[in-house]
Amino acid sequence: MILHEMISYETLRLIWWLLIGILLVGFAITDGFDLGTGILLPFAGKTDLERRVIINSIGPVWEGNQVWLILGGGAIFAAWPQLYAVSFSGFYLAMFVILVALIVRPVAFKFRSKREDPRWRARWDAALFVGGFVPALICGVAIGNVLQGVPFRFSPDMHIFYDGTFFALLNPFALLCGLVSVAMLVMHGATWLQLKTDGAVADRSRRYGSVAAIATVVLYAAAGVALWLWVDGYRVTSAVVVDGPSNPMLKTAEVHVGAWFLNFAAHPWTWIAPAFGLLGPLLAFAFLRARREVPALLASAASIAGIILSVGAAMFPFILPSSIDPRASLTVWDSSSSHMTLFIMLVVTAVFIPLIVAYTTWVYKVLWGKVDGKAIEDETGHAY
């Protein structure tokens, strides 16, 4: 038996769907507190020293955290090429805006302390805020649009056409999802700052994080109600072929309101994900108020995982529905790479993901502890 045939095509497709979810959760949890910290920078830090403390709390780790974003993009490109083609083409301008914000952020890290001019530093502080707020908002907006369906179609020769516009992405439900993302990451950034700082910065972060935690619960619940009552969901109406060719046009699908909740009704255990999405922020709020630093961060991370995984649980097996032609919607079973490609990628992933996790864990262990404002002020070591 050929080695790659030891794992069936169906199983490999399901594994890679799960891995994409894990990579998205990993990025949201690790780089999420970086983005949230950037959003909180002008509010939690009132003096130049306080803002330097905030920046230095994420300065040593933000680059490593973005590895999850690179892994996610690479995995989508190799495992789900049609998903990559539609999303990176249709959301091109949105992706470009995110990339500009993510590029400006490291420039701000490096250049902010090059001059002591308050106006110079204020401009870079604004850049760090934008570098946190814009990706947080647009990523949420993108998820909102995916849940509503993306306006793409296939031609008879299987060429992909995207018929939407950038401003059409900014619809009410998508903006609501964007606000969920911003509130969620502000909460996460606040729990990180409570862990890594003390004094006035930690106190302000605690207050803003408490508000963001409650806002996350309210906005996430509102998005769930809107998804149930007003947003069209999708379901496959033809026989599901889990090991067939990657051709989305071989199935039929239909659209109706509330369809995204069918999986929760059929598999009650999937309610675990939205339960974490709602209970996590409430626990983060309680731990923030009680000054329980590590539990607050873990509760915030659990809420992020729950919110993201609840989207995957609702949509399965869809990964990108089409609002123009539901039949063209991409699913787990009809838009993946070949059996061999998925197997080879799985072997590579099985080697490198544990190495990345081990290295990341070691880095956080070495950097454990609070940022010392006095050391930064005295310039006793390298600091932003």
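These values consider heavy atoms only, across backbone and side chains, with no hydrogens, waters or symmetry-generated copies. For this chain, numbers begin at 1 and follow the sequence in order.
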Salt-bridge present (Asp48, Arg51; N to O < 4.0 Å): no
Check: Phe111 main-chain N/O paired with Trp120 side-chain donor or acceptor under 3.5 Å: yes
Full working for side chain to side chain donor-acceptor pair (under 3.5 Å) between Ser210 and Arg289: CA-CA 7 Å; Ser210 299; Arg289 305 311 298 173; 3.2 Å; yes
Inter-residue atom distance Asp31.CG - Thr37.OG1, 0.5 Å rounding: 10.0 Å
Tyr84 and Phe77 aromatic centres sub-6.0 Å: yes
Cluster overlap Ile7 with Leu14, hydrophobic side-chain contacts below 4.5 Å: yes
Cationic N near anionic O, under 4.0 Å, Glu254 to Arg327: no
Distance (rounded to the nearest 0.5 Å) between Ile324 CD1 and Phe152 CZ: 8.5 Å
Hydrophobic cluster membership, Leu18 vs Val357, 4.5 Å side-chain cutoff: yes
Nearest-0.5 Å distance, OG of residue Ser113 to CG of residue Asn56: 7.5 Å
Between CG on residue Leu278 and CG on residue Leu283, distance to nearest 0.5 Å: 11.0 Å
Contacts table for residues 239-246: side-chain donor-acceptor under 3.5 angstrom, sequence neighbours left out:
from	atom 1	to	atom 2	distance (Å)
Ser246	OG	Arg13	NH2	3.2
Ser246	OG	Ser336	N	3.3
Ser246	OG	Ser336	O	2.7

OH/Tyr359: more than 12 non-hydrogen atoms of other groups inside 6.0 Å: no
Sidechain-backbone polar pair: His256 side chain, Asp232 backbone, donor-acceptor under 3.5 Å: no
Atom pair CD (Glu293) and CG (Asp198), whose distance is rounded to the nearest 0.5 Å: 9.0 Å
Under 3.5 Å: donor-acceptor pair, side chain of Trp260, backbone of Leu147: yes
Phe352, CZ atom: more than 12 neighbouring heavy atoms under 6.0 Å: no
Short N-O contact, Arg204 and Glu50, less than 4.0 angstrom: yes
Validation row, ring centre Trp124 to ring centre Phe109 under 6.0 Å: no
ILVMFWY network linking Val104 to Ile58, side-chain heavy atoms under 4.5 angstrom: no
Phe88, CZ: over 12 other non-hydrogen atoms inside 6.0 angstrom: yes
Between CD1 on residue Ile319 and CD1 on residue Ile76, distance to nearest 0.5 Å: 8.5 Å
hydrophobic_cluster_shared for Leu137 and Phe96, side chain cutoff 4.5 Å: no
Joint cluster assignment, Met249 & Val332, ILVMFWY side-chain distance < 4.5 Å: yes
Exceeds 12 heavy-atom contacts within 6.0 angstrom, atom CZ of Phe154: yes
Aromatic ring proximity, centroids under 6.0 angstrom, Trp68 and Phe27: no
Asp334 side-chain N/O to Thr331 backbone N/O, donor-acceptor pair under 3.5 Å: yes
Would you give me the side-chain donor-acceptor pairs under 3.5 Å for residues 264-273, sequence neighbours excluded?
from	atom 1	to	atom 2	distance (Å)
Thr270	OG1	His267	O	2.6
Trp271	NE1	Phe264	O	3.3

Donor-acceptor pair, side chain of Ser57 and main chain of Lys196, under 3.5 angstrom: no
With Trp228 via side chain to side chain contact (heavy atoms under 4.5 Å, CB included) - residues at least two apart: Phe261
